[in-house]
Amino acid sequence: MKIGMRKPSLKKRISARTSIKRQVVHRAGLKMPKGYGWVRNPKRYAYNKVYHRTTFDIFKLIKKLFK
């Protein structure tokens with residue numbers, strides 16, 4: 001498990017927002033309600049919960065500094 005700053009990736013950022021799979025799920029109305037990730041995939045939910053608590057995003061840090 002990673003601890004510390006997350007390495008930013010512009011390529012991954014763009015592909016996540018322009019993904020065809022994401023567009024299809026979003027337009028079909030198959031989204032789970034917010035906070036129900038543990039129902040769909042409990043293992044991924046637990047991993048993401050720990051990952052986001054042990055790492056930080058450099059862009060959010062910069063945003064807080066200049067706010």
Side-chain angles (χ1 to χ4, degrees):
M1 181 60 64
K2 184 172 178 62
I3 296 175
M5 185 184 81
R6 282 183 236 135
K7 187 170 74 172
S9 170
L10 187 61
K11 184 179 178 183
K12 286 183 182 180
R13 227 173 172 187
I14 292 169
S15 66
R17 294 174 192 278
T18 58
S19 159
I20 293 172
K21 183 180 176 184
R22 180 177 176 263
Q23 295 294 327
V24 169
V25 170
H26 187 76
R27 289 181 183 160
L30 301 171
K31 295 191 315 181
M32 295 284 283
K34 192 168 185 158
Y36 278 78
W38 59 272
V39 174
R40 190 172 194 171
N41 193 337
K43 199 173 184 181
R44 184 192 304 171
Y45 173 80
Y47 176 87
N48 286 339
K49 191 91 168 169
V50 172
Y51 179 79
H52 285 289
R53 286 178 185 224
T54 58
T55 61
F56 62 91
D57 185 20
I58 189 73
F59 294 118
K60 285 185 181 178
L61 185 69
I62 291 170
K63 192 183 244 184
K64 283 184 180 180
L65 289 173
F66 291 108
K67 205 165 193 183

Interatomic distance, NZ@K64 vs CZ@F59, rounded to 0.5 Å, equals 15.5 Å

_If you count every heavy atom of other residues, nucleotides or ligands that lies below 6.0 Å from L65 atom CG, does the total exceed 12?_
yes

Shared hydrophobic cluster, Y51 / F56 (ILVMFWY, side-chain heavy atoms < 4.5 Å): no

Separation between NZ (K21) and CD (Q23), nearest 0.5 Å, reads 13.5 Å

Should we count CZ of R6 as having more than 12 external heavy atoms under 6.0 Å?
-> yes

Interatomic distance, CZ@R27 vs CZ@R22, rounded to 0.5 Å, equals 10.5 Å

### Message
Using modelled atom types and a 3.5 Å cut-off, is there a donor and acceptor pairing between side-chain atoms of S15 and backbone atoms of K12?
### Response
yes

